[in-house]
Amino acid sequence: MEKLDDLLLFAEVVEHAGFSSAARHLGIQRSKLSRHIAELENRIGVRLFHRNTRNVVLTPAGEEVYIHAKALKQSAQNAFAIATDLAGDPKGTLRIGCSSTFAQEALIPILHLFLREYPKINIIINTSDQHIDLISTQVDLVFRISSRQLVDSSLVIRPVCTLPMRLVASKNYMKHKEKIKHPDELKTLHFIALSVQQGLFAKDFFNKEDHDAWTLKLEPYIRCGNMSVLKSAVLQDLGVAILPRYLCSHELASGQLVEVFSSESQWLLHDSLVNVLLPTRQHLLLATRLFLDFAIPLLREYLNPIPQGE
């Protein structure tokens with residue numbers, strides 16, 4: 001067998017965008033790391049990097065070799081995870097990607113319980129209000145909320161639950177306004193949209209009585225890309241917004257927020273969908289498997305609880 005550890009060192013150089021950063025991460029001298037990569041290039045007979053004084057760039061051959069070096073690194077991590085599993089002492093690092101609102105409102109309470117059960121597992125949370133790319137950010141799993149079914153042949157999509165949505169406003173904002181019966185009446189109110197795109201905002205509604213559909217298109221009064229900010233704007237009496245039920249259930253129960261559709265209205269919002277995205281179905285790291293088994297039932301109970309009496 002060729003020296004497989006040189007391939008692992010090569011992967012570290014790629015993922016840390018240079019020899020100096022990779023050497024610091026590995027705790028070895030830069031000259032030693034450079035020598036290992038040079039020996040690897042000599043053995044396989046191709047140049048892996050274009051080098052200059054500031055950075056390194058993969059050659060076309062280097063890009064091909066990195067695909068296999070990365071797979072080797074993942075297999076090594078899996079092997080150690082399995083060994084840890086057999087030893088009965090789960091440890092390792094779990095990298096999770098999600099929106100900041102989801103992290104704060106749904107993930108952190110569950111992590112509190114999870115880490116009491118598995119205290120030797122370390123957690124890294126990568127939050128973003130934009131879609132997190134599972135591969136480029138090197139996270140182990142991503143929670144993604146969408147209005148439609150996700151289709152991505154390159155990833156494993158694991159459904160978590162539906163996410164009921166509500167059209168809400170503050171009690172003060174609606175104090176001198178009539179509740180609406182039809183989605184088109186939203187045009188008479190200040191609508192706050194979860195969006196940062198210019199142009200008309202579109203949202204689909206359906207009628208639970210005759211199954212009719214309606215697509216509302218309007219110019220939002222305020223747009224923002226963060227659900228927590230959206231909720232704050234509603235609580236500050238700035239207008240009407242669509243919020244996940246779990247995020248506003250306490251405020252609805254206390255009367256601080258109210259439903260904007262009248263009780264006579266038959267119009268409803270479609271539920272959103274919560275999914276976990278994974279890079280592969282097989283050879284998941286132990287920390288990932290433990291977390292999914294622990295967290296998904298709790299998330300289902302929290303995000304979409306069964307109403308009492310059902």
Test item: [X] side-chain N/O and [Y] main-chain N/O as donor-acceptor pair under 3.5 Å:
| X | Y | answer |
| --- | --- | --- |
| Thr215 | Asp204 | no |
| Asn42 | Ala38 | yes |
| Asp140 | Arg95 | yes |
| Thr93 | Asn122 | no |
| Lys231 | Leu247 | yes |
| Ser21 | Gly18 | no |
| Arg47 | Glu41 | no |
| Tyr173 | His190 | yes |
| Glu251 | Gln256 | no |

Pair Glu259 + Arg166, salt bridge at N-O below 4.0 Å: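 Between Arg166 and Glu259 there is a salt bridge, with a charged N closer than 4.0 Å to a carboxylate O.
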Looking at side-chain heavy atoms only, is the closest gap between [X] and [Y] below 4.5 Å?
| X | Y | answer |
| --- | --- | --- |
| Tyr302 | Ile110 | no |
| Lys179 | Glu264 | no |
| Pro119 | Ile121 | no |
| Cys161 | Leu299 | no |
| Leu141 | Leu94 | yes |

By ring pair (Phe, Tyr, Trp, His ring centres under 6.0 Å) - contacts of His131 (at least two apart):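 With sequence neighbours excluded, His131 shows a ring pair (Phe, Tyr, Trp, His ring centres under 6.0 Å) to no residue whatsoever.
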Side chain to side chain contact (heavy atoms under 4.5 Å, CB included) evaluation trace for Val240 with Val168: CA-CA 6 Å; Val240 176; Val168 300; over 6 Å; no
Phe201 six-ring face occupied by Lys203 cation (under 6.0 Å, within 45°): no
